[in-house]
Amino acid sequence: MHKSASRSAHIVAWATMGLLALLSVFPANAATADDAADITWSVTPATEAGPDQRGVIQQELDPGATANDYFAVRNLSRIEVTFSLSAADGYYTDTGRFNMLPSDQESVDAGTWIELPDTVTVGPNETVVVPFTMTVPDDAIPGDHAAGIAASVLSTGTDAGGSSVGVESRVGFRVLTRVTGDIVPAVEVAQVETSYATSWNPFRPGAGSVTYEVRNTGNASVIVAGVVSAGTGSAEFPGADEPRQELLPGESRRFTTVVTDVWPTFIAPVSVALAPTAYDFGGDPVAIDPLVADATMWAIPIPQLIVLLGIGLILAAMFWGRRRSRRKLEAALAVAREEGMAAAMQTPATSSMVLGNHPTEESKDSS
Amino acid sequence: MKFSQGLSARIAVAAAGSLVLAGAAGAAFAADPYGDENVDVNVEISPLVEPGSLSLTVAGTSSTLTEVASGDAELRQFDGELPVVTVTDTRTADEIGADRFWYVLGQSTDFVGSNGQPNISAGNLGWTPDLVDDAGDGLVILGDQVDTVEDTGPNAVGLVDQEFLYSAFDSAALVEAGGTSWSATAGLFLKTGIDVAPGSYQSTLTLSLFEDVYED
């Protein structure tokens, strides 16, 4: 196009007009096209009749048992959309939020127990109820097994220009299956590490940072909470603005709790006291023994030592100064004394001079 | 008057029997005549109210990364922008119920070369989440910036797994505060060594909307 345009002014003018027309039309078109192409959808547990209030699905099944359930996919877009449906193993992320494996990772546990259609096509502003089946294998280990079910939209567009990131967006919910048998909740705390952040204001306490790993060694999902104390301070965990921390069987997670109001006492005792809870599916707590992990933290009172050093130096300076001034005084006195002595030694000479005057007077007298 | 014990019992049974009969007769008179086809059917149709829902909207389905100056002779950097993600909650606080919270997570696959060149790990991709039109009421929590494995610091792990874009601390509280939709985006950055094989690469970033329930 560039070549032909350079060949003839006529074509240039024509092309420019065309381009202008394109530019003036394109933004308006793009805006409406974008809105119409936006995909909005929701996915919730459901009954045969439609979405219900469960939010998450929790079920208790014997090994070898099968359960039928439903979820609803609601399409709130202006266009018909075909969603891909997936079930995958569930887990809790390092920040304590439930997630399920992405489509490129293979599930090995409860994600493989769920059978559901590959896709569902939902018309604009319609809701489709999708049935699914959960079959627990005969040899399933008793305890909690997490999975997720989601409906997703995947981009297929690729870009030849540079590296591109396709976005798969999915909306899902959690399916927690407790396989009946002996439910033994158990938790341990390990690898307690500490560090101390000194407050450089010597009249303010510093903060201790305590990092520790909590492991779910039992077969039940466990919610962990507790108190971390370091020296003169303590802090609840999780904090008031942090999400609840749940650990599935076999999961471990590292937490860092910052404890404020810790005065530097050279060595500060640190303890991580956990009060874990597990729940049966009736919602009643299942007792787990609280546990404590201890550690020590170096908290050197550097600013306070500096203050002490400063005070010491000032005092030393004062005493040294006083001693020096006394020495100076003594020196001055000594000088004065010497001068006095010298003066005293000279005094006879003076008087001799005075005496010596006498001959003059005498001579005057004599003259 | 004095009845024998047997007679008293008989009178009592008879009285009970007549009570039962009277009851049955009353029921018979009250009921519609048998065989009458004209049955009144009363039904009240309330206006159709669609229940609210928690939904996700994505404005686009891909993002292209273009090279920028990395500011480091040892690194090449490619920036892009995540398509805007919107969570809409049209439920009432009652419909939501207590102790629910939603969140959007992001995780990336490795970047796969189009011509068989070695993959670039998902750990080389980082992001800086950003709220669009933040109400500033602190009810929506924005995820931390995630740095790449080429960076240093506690969050220099890449979008391998656990990272959340944004989150409601309490779904019902958000709705009660008067909001219905919350949007977020993120600046994406891919950092590689200067020895990276040239060519185009493709990865998939999975965004997930979940709502979870506190159990207590």
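Per chain, numbering begins at 1; letters A, B, ... match sequence-line order.
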| note | Minimal heavy-atom distance between B:L131 and B:V140, with the atoms involved, is CD2-CG1, 3.8 Å
| field | Proximal component of B:L56, with respect to chain A [non-hydrogen, under 4.5 Å] | value | both
| message | Checking B:Y201 against B:V196 for the side-chain contact (heavy atoms from CB on, under 4.5 Å) test, could you report, in this order, the C-alpha distance in whole Å, the side-chain angles of both residues, the deciding distance, and whether it holds? | response | CA-CA 11 Å; B:Y201 294 83; B:V196 66; 3.8 Å; yes
| said: Using a 4.5 Å heavy-atom cutoff, which residues in residues 101-109 of chain A come close to chain B? | reply: A:P102, A:D104
| field | ring-ring contact (aromatic ring centres under 6.0 Å, His included) partners for B:W182, two or more places apart | value | B:W102
| query | Are the charged groups of B:E95 and B:R100 less than 4.0 angstrom apart, N to O? | reply | no
Can I get a per-line list of side-chain donor-acceptor pairs under 3.5 Å for residues 80-88 of chain A, giving both atom names and the distance, sequence neighbours left out?
residue, atom, partner, partner atom, Å
A:T82, OG1, A:T121, OG1, 3.0
A:S84, OG, A:S152, O, 3.3
A:S84, OG, A:S152, OG, 3.3

| Would you say the ring centroid of A:F98 lies under 6.0 angstrom from that of B:F210? | yes
| said: Can you confirm if the aromatic rings of A:F255 and A:F237 lie within a centre distance of less than 6.0 Å? | reply: yes
| query | Looking at A:E168 and A:R170, does any basic side-chain N land under 4.0 Å from a carboxylate oxygen? | reply | no
| task | Name the region of A:R253, side chain, backbone, both or neither, that has any atom closer than 4.5 Å to a heavy atom of chain B. | result | neither
| query | Does the pair A:R74/A:E126 count as a salt bridge with the N-to-O cut at 4.0 Å? | reply | no
| said: Taking side chain as everything from C-beta outward and backbone as N, CA, C, O, which of these in B:F78 sits under 4.5 Å from a heavy atom of chain A? Side chain, backbone, both or neither. | reply: neither
| What part of B:T66 gets closer than 4.5 Å to chain A, counting heavy atoms only: side chain, backbone, both or neither? | neither
| request: Determine, for A:E213 against A:R254, whether the closest basic-nitrogen to carboxylate-oxygen distance falls under 4.0 angstrom. | output: yes
| Do A:T256 and A:V210 have side-chain heavy atoms sitting under 4.5 Å apart? | no
| remark: Expected contact set for residues 109-123 of chain B against chain A at heavy-atom separation under 4.5 Å reads B:T109, B:F111
